[in-house]
Amino acid sequence: MDKKGIIQEHSKIKLELYRLYLELYLTVLLNSGRFSEVFVHDIFAGSGKSANDEKGSSLLAAVEIQKIRGKFPNIPVTLRLNEKCQEKFTRLKDLLTPFAFATSFNLDANDYIQQWNMPAGSHNLFFIDPHGYTQVSIDNLKSLFSMERCDFLIFVPIYHIYRFLRKEEDAEQLKPIANFLHDLSIGEADAIKANSVEEFTELVMDALQHISGTEWIYKEMIENRTHNSKYCLIYITRNILGAEKFLEAQYQLKEKLKANEAQAEFDFVEDLEKRSILDFIERERLYDNVNLYKIGIQVGLLPKQLNNELKSLENNAMVAITPYKDKERKKKGFYINYKNYKAQDSIVSIMFKRG
């Protein structure tokens with residue numbers, strides 16, 4: 001919402017994407033059965049509704065989590081919403097009354113981060129909308145991003161911010177997001193040097209990867225249907241299985257939108273179905289199922305996709321699959337999965353031929 005409490009175009013797209021991801025991500029996460037409880041945090045929650053009575057991110061999250069809790073009654077999902085502004089907090093608290101699993105806090109974001117004690121066996125998803133960004137200290141950002149068993153979704157209207165920092169656009173509502181990037185050491189000079197919004201996005205990704213200290217960071221670039229604005233949803237996790245679960249939700253989202261394309265307000269910039277492992281490996285170098293699983297997740301390829309591509313490559317004699325000594329390859333399997341990765345169980349060697 002802007003200062004007048006109206007939801008702008010980029011916020012509408014953000015809300016649609018956030019709602020869809022929350023539904024699919026939580027479904028995938030809860031199906032895994034790896035956690036005793038899940039917390040969803042929004043530390044810049046706002047008032048819950050816009051001045052023209054449209055649902056904000058906090059109320060949308062409450063509605064989606066209510067549906068999810070009905071499907072997975074044995075794993076509690078708790079929504080924690082923080083809003084520093086007293087007036088917005090009061091409105092938010094009133095709207096949350098029907099949702100017993102939602103808790104609201106009237107804290108400075110720094111205090112919220114410092115006071116959060118993560119229960120053992122829990123998993124946490126932080127939704128960060130820098131549009132509501134207040135001056136969280138860089139130390140607290142680092143502390144937040146370094147927490148174990150936490151994933152992060154960050155939404156940036158990247159095209160508008162790129163133009164804003166280059167002085168090509170002037171909108172008051174973009175200043176908090178610009179401040180957020182400034183605290184990541186990205187500012188006007190970086191925007192001016194970047195030759196395109198895509199190049200600028202990579203600077204943002206590099207900065208977030210540096211501050212979070214994790215190799216598992218992904219982006220989803222989307223554009224509105226008029227193709228004149230681009231937006232970026234960034235996902236950060238600290239473990240490879242969390243990365244796989246996000247990718248699974250990402251592909252499910254694209255399939256869902258493809259089936260009901262007319263209702264979406266945006267298009268995806270990249271077609272993930274066209275991504276190939278051949279773009280990320282060296283020919284005639286020896287890999288195995290363990291390190292190829294990791295490479296696949298790093299570049300955004302799910303094991304199912306990678307296995308399908310390897311099957312096609314093997315059928316066309318473009319890859320050599322050889323069982324290791326004392327190992328048996330059953331049913332022409334590739335053994336690219338988290339279970340084998342976790343156990344560091346190398347079953348087959350994999351070499352891509354020159355062609």
Aromatic ring pairing Tyr162/Phe200, orientation class (parallel under 30°, perpendicular over 60°, tilted between): tilted

Partners of [X] by side chain to side chain contact (heavy atoms under 4.5 Å, CB included), sequence neighbours excluded?
X	answer
Thr97	none
Ala109	Phe44, Thr134, Val136
Ile75	Leu30
Lys311	Asn315, Phe334

Restricting to pairs with a member in residues 289-311, which pass ring pair (Phe, Tyr, Trp, His ring centres under 6.0 Å), not counting sequence neighbours? Tyr293-Tyr341

Quick test of your reading: applying ring pair (Phe, Tyr, Trp, His ring centres under 6.0 Å), list the pairs with at least one residue in residues 308-330, sequence neighbours left out, ordered by first then second residue. none

Out of Tyr235, Tyr25, Phe126, which residue meets the ring pair (Phe, Tyr, Trp, His ring centres under 6.0 Å) rule with Phe152? Phe126

Non-neighbouring partners of [X] that pass salt bridge (Lys or Arg N to Asp or Glu O under 4.0 Å), sequence neighbours left out:
X	value
Lys93	none
Glu199	none
Glu215	Lys294
Asp108	Lys84

Any side-chain donor paired with an acceptor under 3.5 Å for [X] and [Y]?
X	Y	answer
Ser276	Glu309	yes
Tyr21	Glu220	yes
Thr27	Glu23	no

Kindly give the cluster partners of Leu286, where membership spreads through any ILVMFWY side chain lying under 4.5 Å from a current member. Met351

Sort and list the pairs that fulfil salt bridge (charged side-chain N to carboxylate O under 4.0 Å, His left out) and have at least one residue in residues 137-156, not counting sequence neighbours. Glu148-Arg238

Stepwise side-chain contact (heavy atoms from CB on, under 4.5 Å) test for Phe101 and Val77: CA-CA 7 Å; Phe101 55 85; Val77 180; over 6 Å; no

Compute the ring centroids of Tyr18 and Phe127, then answer whether they are less than 6.0 Å apart. yes

Hey, which of Val28, Leu29, Leu153 is the one that makes side-chain contact (heavy atoms from CB on, under 4.5 Å) with Phe246? Leu153

Between Glu83 and Arg91, does at least one N-O distance fall below 4.0 Å, as a salt bridge requires? no

Is it true that Arg329 and Glu314 have a side-chain N and a carboxylate O under 4.0 angstrom from each other? yes

Derivation of the side-chain hydrogen bond (donor to acceptor under 3.5 Å, both in side chains) call for Asp42 and Ser57: CA-CA 8 Å; Asp42 187 343; Ser57 60; 3.1 Å; yes

I'd like to check Phe99 versus Leu79 (side-chain heavy atoms, cut-off strictly below 4.5 Å). Are they in contact? no

